[in-house]
J.: 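After the structure tokens below, expect a handful of questions from me.
All values reported here derive from a predicted model rather than from experimental measurement. As the structure lists them, so they are numbered: ligands from 1, and atoms in each ligand from 1.
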Amino acid sequence: MLSSSSTSERPVVVVANRLPVDQVRLADGATEWHPSPGGLVAALEPVVQASGGTWVGWPGAADVELEAFDADGMHIVPVSLSADEVADYYEGFSNGTLWPLYHDVTGEPVFERRWWDAYREVNRRFASAVAGAATEPGSVVWVQDYQLQLVPALLRERRPDLQIGFFDHIPFPGWEIYARLPWRREVVEGLLGADLVGFQRGADAANFLRAARSTSGVVTRGSVIERKDGRQLRAASFPISVDTAALDCLARRPETLARAAQLRSELGDPEVLVLGVDRLDYTKGILHRLRAYGELLDEGHLEPPGTVLVQVASPSRERVEEYQRLRDEVEATVGRINGDHSALGRPAVHYLHRTFPKEEMAALYLAADVMLVTPLRDGMNLVAKEYVACRHDERGALVLSEFAGAADELRQAFLVNPWDIDGTKAAIRRAVAVGPPESSRRMRAMRRRVIEFDVHHWANAFLGALAMVAEPQG
Ligand code: G6P
């Protein structure tokens with residue numbers, strides 16, 4: 001069993017669009033807290049808990065006014081958004097403009113001036129909330145992700161004493177794509193308010209440095225940026241990871257092992273269980289994956305019910321049109337494959353449109369012979385690392401997109417270009433056929449990577465670099 005390393009920094013104020021928990025209103029009007037979706041929360045929660053820090057964020061529903069409270073070893077500071085702000089700042093500018101633009105235009109970005117105004121306004125509100133929450137002079141504030149790119153500069157205006165870090169969880173696009181953004185200079189200048197701007201991959205940091213030179217006329221030397229006012233900051237890569245020891249420990253529990261065996265038996269004891277786990281998002285390449293998988297069934301290379309695919313697609317951004325369209329297409333495709341290839345009571349594809357607790361996910365990862373992680377573009381993709389962290393038995397095969405940040409580290413996966421359907425089919429066939437000596441060798445090497453470079457290593461590396469560069473001026 002692995003021992004858990006922890007983040008040994010002083011309390012950090014984390015600022016993210018979402019709190020680690022969402023307030024959900026039930027049919028009878030009562031409210032409940034549910035874990036928030038996505039890799040950002042999964043990665044940061046153990047870090048904030050380990051440092052007894054503060055988390056500033058939105059509770060996930062419109063017009064929820066709440067006082068600060070303490071939960072699970074964290075001080076929680078809710079930031080309220082109105083229904084219009086949810087529509088314009090969150091669904092609009094964050095997820096209708098920036099998300100598709102930053103993911104290499106895998107969806108069509110919409111440039112709407114009203115959305116930009118709301119983005120500026122909400123970023124100001126977050127900056128004010130943080131200025132109040134970071135009570136100690138010289139506190140460390142760590143701003144997260146594309147929804148809050150203006151916060152570093154806005155916060156520095158209010159609190160020049162703070163050490164301000166920013167981490168971008170999603171890709172930062174090349175200049176030819178980024179340059180389309182009508183507010184490209186304002187966004188870069190928001191980020192230049194930080195002392196350290198972190199990215200998933202070296203390529204993202206290089207893209208940002210180029211955008212900073214082109215829009216703000218700053219001078220860069222390696223990762224160092226010299227602003228016109230003489231202040232220096234850095235932009236560099238810090239690949240995010242998972243809490244490997246905690247996942248390894250969860251996956252070794254007798255209940256998890258028993259549940260994994262039970263899952264396989266509920267699925268009819270297939271010879272090969274193939275698994276996909278994604279937020280239902282067009283960047284995740286679910287349709288391309290299903291096309292490849294469907295063709296393998298059509299051609300008889302994989303045969304249900306001996307081979308079964310389980311696709312978990314967790315609901316996401318359901319009021320955004322592009323996500324509604326994607327859901328329709330995914331469900332039509334699953335329906336077609338099942339119509340052609342299922343037997344009574346034995347579907348070829350088990351499609352689950354919901355989220356599961358981490359205990360169930362660990363059992364699914366353990367049960368799966370082949371894990372398909374084939375996004376068209378992804379900042380990191382922590383599902384790939386979670387799978388590896390859970391496979392203490394050194395079994396299982398990972399098919400991984402070259403366009404996920406995780407591909408820079410998990411080189412022993414079966415790497416694919418998800419746009420290449422024939423190539424994806426060939427990789428799935430290789431992963432299905434791989435025998436224990438080779439699959440164990442690959443899995444062992446990948447596990448070495450996620451054991452050494454876990455989420456605590458990521459946080460310590462980022463916060464250590466921030467402390468080096470930040471010069472409190474208070
Ligand atoms: C990605 C983003 C996060 C986001 C998560 C869930 O991981 O990088 O910032 O929180 O998706 O998306 P949602 O829109 O539901 O917060």
J.: Only one of N95, D168, T97, N17 clears side-chain hydrogen bond (donor to acceptor under 3.5 Å, both in side chains) with Y146; which?
T.: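 Among N95, D168, T97, N17, the one that satisfies the side-chain hydrogen bond (donor to acceptor under 3.5 Å, both in side chains) with Y146 is N95.
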J.: Please state which protein non-hydrogen atom is closest to atom 14 (O) of ligand 1 and give its distance, to 0.1 Å?
T.: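 Result for atom 14 (O) of ligand 1: Y90 OH, 2.6 Å.
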J.: Identify the protein heavy atom lying closest to atom 12 (O) of ligand 1, giving its residue, its atom name and the separation to 0.1 Å.
T.: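 The closest one turns out to be R317 NH2, 3.0 Å.
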J.: Starting from atom 7 (O) of ligand 1, what is the nearest protein heavy atom, named by residue and atom, and what distance separates them?
T.: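 Of the protein heavy atoms, G39 N, 3.8 Å lies nearest.
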J.: With distance as the sole test, does N123 use its side chain to make a donor-acceptor pair with the main-chain N or O of R120 at under 3.5 Å?
T.: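 Pair absent, no side-chain N/O of N123 close to backbone of R120.
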J.: Under 4.0 Å from a heavy atom of Q147: which atoms of ligand 1 are those, numbered in the order shown and with their elements?
T.: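 Listed by number with element: 9 (O).
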J.: Report the nearest protein non-hydrogen atom to atom 15 (O) of ligand 1: residue, atom name, distance rounded to 0.1 Å.
T.: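 So the nearest neighbour among protein heavy atoms is R18 NH2, 2.9 Å.
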J.: Run the numbers for me: atoms of ligand 1, each under 4.0 Å from some heavy atom of D145, listed by number.
T.: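 With D145 as reference, the close atoms of ligand 1 come out as 2 (C), 3 (C), 8 (O), 9 (O).
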J.: Verify the ring-centre separation between W419 and H288: is it less than 6.0 angstrom?
T.: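 Between H288 and W419, the centre distance is under 6.0 Å.
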J.: Could you work out, with ring pair (Phe, Tyr, Trp, His ring centres under 6.0 Å) as the rule, every residue matching Y323, not counting sequence neighbours?
T.: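 For Y323 the ring pair (Phe, Tyr, Trp, His ring centres under 6.0 Å) partners, ignoring immediate neighbours, are Y282.
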J.: For ligand 1, which atoms sit closer than 4.0 Å to a heavy atom of P37?
T.: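 So the answer, numbered in order with elements, is 6 (C), 15 (O).
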J.: Any atoms of ligand 1 less than 4.0 Å from a non-hydrogen atom of I170? List them with their elements.
T.: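 Numbered from 1, ligand 1 contributes 8 (O).
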J.: I'd like to check the ring pair (Phe, Tyr, Trp, His ring centres under 6.0 Å) partners of W33; sequence neighbours left out, ordered by chain and number.
T.: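 W33 satisfies ring pair (Phe, Tyr, Trp, His ring centres under 6.0 Å) with F69 once adjacent residues are dropped.
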J.: Atoms of ligand 1 less than 4.0 Å from R279 heavy atoms?
T.: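 Listed by number with element, the hits are 1 (C), 6 (C), 11 (O).
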J.: Looking only at the aromatic ring of each residue, does the gap between the centers of F93 and W116 stay below 6.0 angstrom?
T.: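 Between F93 and W116, which both carry aromatic rings, the centre distance is below 6.0 Å.
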J.: Considering only heavy atoms of L40, which atoms of ligand 1 have at least one such atom less than 4.0 Å away?
T.: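 Going through ligand 1 atom by atom, the ones under 4.0 Å from L40 are 9 (O).
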J.: Does a salt bridge link R289 with D278, judged by any charged N lying under 4.0 Å from a carboxylate O?
T.: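 A salt bridge is present here (some side-chain N lies under 4.0 Å from a carboxylate O).
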